[in-house]
Amino acid sequence: GGVAANLHIREALQAMVEEQGGRFVVPPVALCTDNAAMIAWAGMERLLAGAASEPLVEPRARWPLTEVEAL
């Protein structure tokens, strides 16, 4: 959230992307304070691009850390 809202980082990234001839796409700063909003934005962008896929796990509102495997 906070990194994506950093205007200095945004400007630097935008300049780098434009130098390479790319298009810099980033959500509005107002949506960059909450990681859930960022994830939702990324999901929306993927859906609009036709990159939808089935989830690899079943979503759960609460997921105890004792049930999470270490990588």
Side-chain angles (χ1 to χ4, degrees):
V3 173
N6 184 307
L7 296 180
H8 179 73
I9 292 173
R10 281 175 174 252
E11 291 170 1
L13 288 172
Q14 183 169 4
M16 288 171 46
V17 169
E18 289 175 355
E19 282 177 16
Q20 297 296 317
R23 182 173 149 244
F24 184 67
V25 179
V26 64
V29 174
L31 298 179
C32 294
T33 58
D34 184 310
N35 285 337
M38 292 291 293
I39 292 168
W41 179 279
M44 180 192 73
E45 291 289 340
R46 284 182 47 84
L47 182 63
L48 292 174
S53 60
E54 294 297 319
L56 299 176
V57 296
E58 192 68 31
R60 293 172 61 178
R62 298 276 187 257
W63 203 322
L65 291 177
T66 57
E67 295 180 26
V68 177
E69 293 182 30
L71 297 177

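Bear in mind that the values here come from a model prediction, so they are computed numbers and not experimental data.
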Do Ile9 and Val17 share a hydrophobic cluster (ILVMFWY, side-chain heavy atoms under 4.5 Å, transitive)?
yes
Taking all heavy atoms of Arg10 and all of Ala5, pick out the closest pair and write down the distance.
NE-CA, 4.2 Å
In short, Val26 meets Trp41 closest at the heavy-atom pair O-CZ2, 4.4 Å
Holding to side-chain hydrogen bond (donor to acceptor under 3.5 Å, both in side chains), I want the full list of residues that pass it with Gln14, two or more places apart in sequence or in another chain.
Glu18
For Met16, I'd like to know if atom CE has over 12 heavy atoms of other residues, nucleotides or ligands within 6.0 Å.
no
Quick one: does Pro27's side chain get under 4.5 Å of Glu45's, heavy atoms only?
no
